[in-house]
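So that the names make sense, note that chain A is the first sequence line, chain B the second, and so on, each numbered from 1. All values reported here derive from a predicted model rather than from experimental measurement.
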There are 4 protein chains.
Amino acid sequence: MAQKLTTDEKILNAFSKLLEENGYTETTTKKIAQAAGVNESTLFRHFKDKEQLVKELVQKYMSDIDTANAGFIASGDIVSDLMQVAEIYNQFVETHKALFLIGMRDSFQFPKLKEMIIQLPMKLKKILISRMTEMKRSGEINELVNVDITAANYITLILGHALIQNIYTGTGLDISQTDFVQKNVRNFAEYLK
Amino acid sequence: MAQKLTTDEKILNAFSKLLEENGYTETTTKKIAQAAGVNESTLFRHFKDKEQLVKELVQKYMSDIDTANAGFIASGDIVSDLMQVAEIYNQFVETHKALFLIGMRDSFQFPKLKEMIIQLPMKLKKILISRMTEMKRSGEINELVNVDITAANYITLILGHALIQNIYTGTGLDISQTDFVQKNVRNFAEYLK
Amino acid sequence: MAQKLTTDEKILNAFSKLLEENGYTETTTKKIAQAAGVNESTLFRHFKDKEQLVKELVQKYMSDIDTANAGFIASGDIVSDLMQVAEIYNQFVETHKALFLIGMRDSFQFPKLKEMIIQLPMKLKKILISRMTEMKRSGEINELVNVDITAANYITLILGHALIQNIYTGTGLDISQTDFVQKNVRNFAEYLK
Amino acid sequence: MAQKLTTDEKILNAFSKLLEENGYTETTTKKIAQAAGVNESTLFRHFKDKEQLVKELVQKYMSDIDTANAGFIASGDIVSDLMQVAEIYNQFVETHKALFLIGMRDSFQFPKLKEMIIQLPMKLKKILISRMTEMKRSGEINELVNVDITAANYITLILGHALIQNIYTGTGLDISQTDFVQKNVRNFAEYLK
DNA sequence: AATGAATGAGCTTTCATTCAT
DNA sequence: TATGAATGAAAGCTCATTCAT
């Protein structure tokens, strides 16, 4: 049973979609309004200004990461566990592409925005650290492993891949997640044993 | 003894700097001219377009990558060879940060920009492929390795890292090149043996 | 009782006036806005383009010509009929001076403008041809007359006069419509009998 | 034996050609210099400013009209004499198209320019009046004819035609000079007998 | 005498945002 | 609550013209 979208949602959805496709600057308020099927000035009645739209998105997505993380079920095997994390995170990036892209492309213009965006990987890092510490305790990974560096390292790996994928789609540089995970994440995991 | 900069160079330098700081759209021709200390119309006398400025940068950097690549000296050991490549590329990215950032942030909005920017990683890929094919012949790497995919894979790895470094500098997510290369590139290389 | 002008009308009026005085290129959007008493950007909200302004004028005048033409009442005498046409058209040119001048001056530089402007005389030609064909049937004019050429010929005559009048007003070259019609149109008509 | 063109001539020729094709405003100093094969600033060394170029053209053409007029040889028959005048003048307009067009299109913006351009038809009018007065004396034309009005009338006729031809070339409104002269000038002449 | 480099004023157009209804 | 009309600022770019060599 399809819910009727509120005006807020219509605007936010349109914004997110355009953001992903065209970046922040190119996403004009006129285009947003058009895509949302509302008047341009309605947009300003609902959101103080263009920046507010981003803030709203960030907030919305911040809560999603907790949900995503809750979906993780430890298997006891480091390789499959890390691959599961990669899978979850990759899908999260895919789902929230718009925000990640804006984080890369436009956050420079908006220092505040950068602060907000950075919270996503930071939150993931925290989660990873706690998981790895757990795995260390259970002997799943070697006790000599520096958990902090390794977590950062791992995030760099999968986030870097997700980004590159999005940037270089259809250029011959893109490489399927399967291939990438198979080779790199597996290697990475093995190394921790 | 300090060389006097030509107007071309002054403009290009100012452009590159602003590009890095603010992105393509935000880098207005007026600001470029101001930063370069020339009149705005002088800019258009020297470079037909704003786009032309990017083309010029790309061309300039394209030749730099050849120089950088020429500095590579094969050691016969796959691990140290790939690490050497990583080192070279990472430094290249650092040096030409402006272009890589624009490649990520703005090429979406401007298909023409994308075409230009994509040439850089593609060139690196070509170089890598020829190197790996060579290594395959010499038995340095396993003959079952799919050179094309592996090259893309490797670029994703180090380019991804370079990107994340630039984006998340000073956020606790940044991880030194040494650490990253030590762990990931080494793993990667081992796998090819 | 004075009607309040809509913004559209204010802009179009200002445009028409400036066009007549200064030509298309010299009539800048800033000047138009100023003369109309609106902001320059308002102009672009109302008319997509500077070109659109011309299109609008043409359309407006195209309908006027129909009205003018509807006022024609055939007398059965070729001489007075053609003179009536001359009268109607001359007044039409006078009223819509702006467009005719732009047709002459600027359409060269802007092929698109030319296409639009040419519609006016072409429409008149059509009207003339149908009238003459009618007159031919009724025996008012000789059946050997080539209607197409004669129509073009006639338009050249009265349009040419109208142009010269507008260009060379007050130079001693201007000759009243009465005199011109008396001599030339009358001759022309006689010849068709 | 081909004369080497002076820089002055090269510039003036290029200007005249571009003027005819594109009108005054569209004929930029850059294009003129390019077409003349000289540096843009050379142009300003030779001619104080853009307006000066027009003045120069006018002066040059003013002397040509005397030459053209000198070519007239009275036949004693009013019809063929006026047709001869039409022929001469029409060719003159054709040859100096650039100036006539600028006279129509751009003189509005430059009152000074208008003054200059108007001299051409005025001079023709003078010539015509003296010729007609002569014809009147010789009985070639009726002594009741108002020479002043008739001269203006005649100029309107052939100048109007020449203009229309140039404006509406290739639009179905253009009518060959032969046809026009055959019908209108002949009529005109007959009427003077 | 001729050039190449530089300039400031101006162009058309789009932007995010506000106001009155 | 939502709209349509209006706005000032700023964008990329071109113009005629001047200056130093």
B:Leu53 side chain reached by B:Ile32 side chain, heavy atoms, under 4.5 Å: yes
A:Glu9, CD atom: more than 12 neighbouring heavy atoms under 6.0 Å: yes
Pair partner, F:dA5 [Watson-Crick or wobble, under 3.5 Å]: E:dT18
Closest contact, heavy atoms only, C:Lys31 versus C:Glu26: NZ-O, 3.1 Å
Under-4.0 Å side-chain N/O to phosphate OP1/OP2 contact, A:His46 with F:dT1: no
C:Gln34 CD to E:dG10 P, straight-line distance once rounded to whole Å: 12 Å
Check: protein-nucleotides 11-14 of chain E nitrogen or oxygen pairs below 3.5 Å:
from, atom 1, to, atom 2, distance (Å)
E:dC11, OP1, C:Thr28, OG1, 3.4
E:dT12, OP1, C:Lys50, NZ, 3.0
E:dT12, OP2, C:Thr29, N, 2.8
E:dT12, OP2, C:Thr29, OG1, 2.9
E:dT13, OP1, C:Asp49, OD1, 3.0
E:dT13, OP2, C:Lys50, N, 3.3

C:Tyr24 side chain reached by C:Glu51 side chain, heavy atoms, under 4.5 Å: yes
Whole-Å distance separating the CD atom of B:Glu9 from the P atom of E:dA5: 14 Å
Distance-only side-chain donor-acceptor flag, B:Ser41 / B:Asn39, under 3.5 Å: yes
Proximal nucleotide (of E:dT3, F:dG4, F:dA2) relative to the C:Arg45 side chain: F:dG4
Spacing between B:Leu43 atom CG and E:dA9 atom C1', to the nearest angstrom: 17 Å
Distance, rounded to the nearest Å, where D:Phe47 contributes CZ and E:dA2 contributes C1': 14 Å
Between P of F:dG12 and CD1 of B:Ile11, the distance in whole Å: 14 Å
Whole-Å gap separating P (F:dA10) and CG (C:Asn39): 14 Å
Minimum side-chain heavy-atom gap A:Glu56-A:Gln52 below 4.5 Å: yes
